[in-house]
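Here is the structure we will look at, set down as structure tokens.
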Amino acid sequence: MPEDAPARPRSFWSGSIAFGLVTVPVSLFVAQRPSHVSLRMVDENGTPLRRRYFCSAEDRPLDRDEIVRGYEVEKDRYVVVADEELEALAPEKSREIDLKRFVERSQIDPIYFDRAYFLAPDRGAVKAYRLLARAMEDAGRAGIATFVMRGKEYLVAIIAERGVLRAETLRFFDELRSPADVGLPRLEPAKAERVRAVERAMGELVAERLDRDVLRDLEAGRLRELAERKLASGVDVVAAEAVAEDLEAEEGAEVIDLMQVLKRSLEAGPEGARRRGPRRAPARRAGDGELEAQSKTELYERAKALDIEGRSSMNKAELIAAIRRAG
């Protein structure tokens, strides 16, 4: 490979296409590039924020070991499903794309397509790969297959185009709405003269091929240009300070900080919010019963203001004891 050639993306799954006595070792590559323009949630000082689950009943964020999964059987009633039970339901691990049947490509409505992947031949399988792709393309057929990836079974269509095999994960039939579900009107016969008028209008816009410029993301380009202009002028450019080690250990601690910033901004009004950045809450001496009445989030903020070490891993009782010792 030339030194200046772009690095080849890594495959994230490898196995074999298998049907009858045919086996073709392949690797799977995502066909889409990751978006180059994205916006992250940060606070007004540029600190990246993280999402966290929050208990509305107890008005506090939850630790990872407090979260379980539930299947909703009716409104606000759930059946709890343990991780071990989910693992028992998972399909058997396999390295095969099991081709179950071949159908006419026209039989697969594009509405079923979900996500596109490229299938690349593994070393030593190029001839078999080319043979399968050629045979499928000449016959105008696509393969319907299943395979297991990351503990989940997927239904896919294997499509051959210009000697290359592509896998399209498919939506299941019950995932799609029908025209009747969304209330589309019943089709009425159109008058011939109106049809001809529409055909003439279409003829004025006919192109020999689809121009790639039509497929460009103009909004992403405008966003990129805006960011570059602001960066060049130094307007609204913020750089976050290094995140404290205890905040990295406590998932979502930055979100707690953001809530404090918003609260102070609302109390101070728009002018005060622009002038001031987030401050640490002043340490207060805890009276009897005061700490017990506070939420774990509030206790964490008190411990943070007192610079109590190890606060990220403490439960509510431990935070109360540490704050009393520090106070």
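These numbers come from the heavy atoms of this one structure, side chains and all, not from hydrogens, waters or symmetry mates.
- Expressed to the nearest 0.5 Å, how far CD1 of Ile158 lies from CZ of Arg166 amounts to 10.0 Å.
- In the hydrophobic clustering of this structure, Val30 groups with Leu165; members are Ile, Leu, Val, Met, Phe, Trp, Tyr whose side-chain heavy atoms approach within less than 4.5 Å, directly or through other members.
- Side-chain atoms of Val68 and Val81, non-hydrogen and from C-beta on, never get closer than 4.5 Å to each other.
- Around CD of Glu219, the count of heavy atoms belonging to other residues, nucleotides or ligands within 6.0 Å does not exceed 12.
- For Asp181, there are no salt bridge (charged side-chain N to carboxylate O under 4.0 Å, His left out) partners, not counting sequence neighbours.
- Both Met136 and Val22 belong to a single network of hydrophobic side chains, linked directly or stepwise wherever heavy atoms of I, L, V, M, F, W or Y lie under 4.5 Å apart.
- Under the salt bridge (charged side-chain N to carboxylate O under 4.0 Å, His left out) criterion, the residue pairs touching residues 112-124 are Asp114-Arg171, with sequence neighbours excluded.
- Between Glu161 and Arg105 there is a salt bridge, since at least one side-chain N of the basic residue sits less than 4.0 Å from a carboxylate O of the acidic one.
- Glu74 meets the salt bridge (charged side-chain N to carboxylate O under 4.0 Å, His left out) test with Arg77; sequence neighbours excluded.
- Two residues are said to be in side-chain contact when any heavy atoms from C-beta on lie closer than 4.5 Å; Ile17 and Thr23 fail this criterion.
- Considering only residues two or more places apart in sequence or on other chains, Lys230 meets the salt bridge (charged side-chain N to carboxylate O under 4.0 Å, His left out) condition with Asp236.
- Salt bridge status for Arg60 with Glu58: present, with a side-chain N to carboxylate O gap under 4.0 Å.
- Within 6.0 Å of CG on Leu226 lie more than 12 heavy atoms contributed by other residues, nucleotides or ligands.
- The existence of a salt bridge linking Glu66 and Arg64 is excluded, since no basic side-chain nitrogen approaches an acidic carboxylate oxygen closer than 4.0 Å.
- In this structure, the ring pair (Phe, Tyr, Trp, His ring centres under 6.0 Å) partners of Phe19, at least two apart in sequence or on a different chain, are Phe102.
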Arg95 and Ser16: side chain to side chain contact (heavy atoms under 4.5 Å, CB included), yes or no, with the steps?
CA-CA 6 Å; Arg95 307 305 297 180; Ser16 299; over 6 Å; no
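- Nearest approach of Ser11 to Phe29, heavy atoms of both residues: N-CE2, 3.3 Å.
- Cluster note: Val182 groups with Leu184 through ILVMFWY side-chain heavy atoms spaced under 4.5 Å, whether in direct contact or through intervening members.
- What you find for Gly163 and Tyr129 is that their closest heavy atoms are O-CE2, 3.6 Å.
- The closest side-chain heavy-atom distance from Val26 to Leu28 is not below 4.5 Å.
- Ser94 contributes a side-chain N or O that, together with a main-chain N or O of Glu96, makes up a donor-acceptor pair within less than 3.5 Å.
- Under the rule for a ring pair (Phe, Tyr, Trp, His ring centres under 6.0 Å), the partners of Tyr117 that lie at least two apart in sequence or sit in another chain are Phe12.
- Taking CG from Asp211 and CZ from Arg216, the interatomic distance works out to 8.5 Å, rounded to the nearest 0.5 Å.
- Remark: side-chain polar atoms of Glu85 are paired, donor with acceptor, to backbone N or O of Ala82 under 3.5 angstrom.
- In this structure the side chain of Leu131 never reaches within 4.5 angstrom of the side chain of Val24, judged on heavy atoms.
- Other cluster members for Tyr112: Val103, Ile108, Ile111, Phe113, Ile144, Leu155, Ile159, Leu170, Phe172, Phe173, Leu176, joined by side-chain heavy-atom distances under 4.5 Å among Ile, Leu, Val, Met, Phe, Trp and Tyr.
- For Lys100, the salt bridge (charged side-chain N to carboxylate O under 4.0 Å, His left out) partners at least two apart in sequence or on another chain are Asp98.
- Residue Met202 belongs to a hydrophobic cluster whose other members are Val198, with links defined by side-chain heavy atoms closer than 4.5 Å.
- Inter-residue side-chain proximity for Arg196 and Arg200 is flagged as met; some heavy-atom pair is nearer than 4.5 Å.
- Interatomic distance, Ile308 CD1 to Leu319 CG, rounded to the nearest 0.5 Å: 7.5 Å.
- Val237 forms part of a hydrophobic cluster together with Leu231, judged by ILVMFWY side-chain heavy-atom separations under 4.5 Å.
- Residue Leu89 places its CG atom among more than 12 non-hydrogen atoms of other residues, nucleotides or ligands, all under 6.0 Å distant.
- At a threshold of 4.5 Å between non-hydrogen side-chain atoms, the residues Leu86 and Arg69 count as touching.
- Residues Arg40 and Pro48 approach most closely at NH2-CB, 3.3 Å, considering heavy atoms.
- For the pair Gly151 and Ala90, the tightest heavy-atom approach, listed with the atom from each and the gap, is O-CB, 3.9 Å.
- In terms of modelled atom types and a separation under 3.5 Å, the side chain of Thr47 and the main chain of Asp43 share no donor-acceptor contact.
- Atoms CD1 and OG1, from Ile97 and Thr146 in turn, are 9.5 Å apart once rounded to the nearest 0.5 Å.
- Under the 4.5 Å side-chain criterion, counting only non-hydrogen atoms from C-beta, Arg222 is not in contact with Arg224.
- Residue pairs meeting the salt bridge (charged side-chain N to carboxylate O under 4.0 Å, His left out) criterion with at least one member in residues 136-151, sequence neighbours excluded: Glu104-Arg141, Arg134-Asp138.
- We find the CG-OH distance between Leu62 and Tyr53 to be 10.5 Å, quoted to the nearest 0.5 Å.
- For the atom pair CG (Leu306) and CZ (Arg325), the distance works out to 11.5 Å, reported to the nearest 0.5 Å.
- Between Phe147 and Trp13, the distance separating the two ring centers is shorter than 6.0 angstrom.
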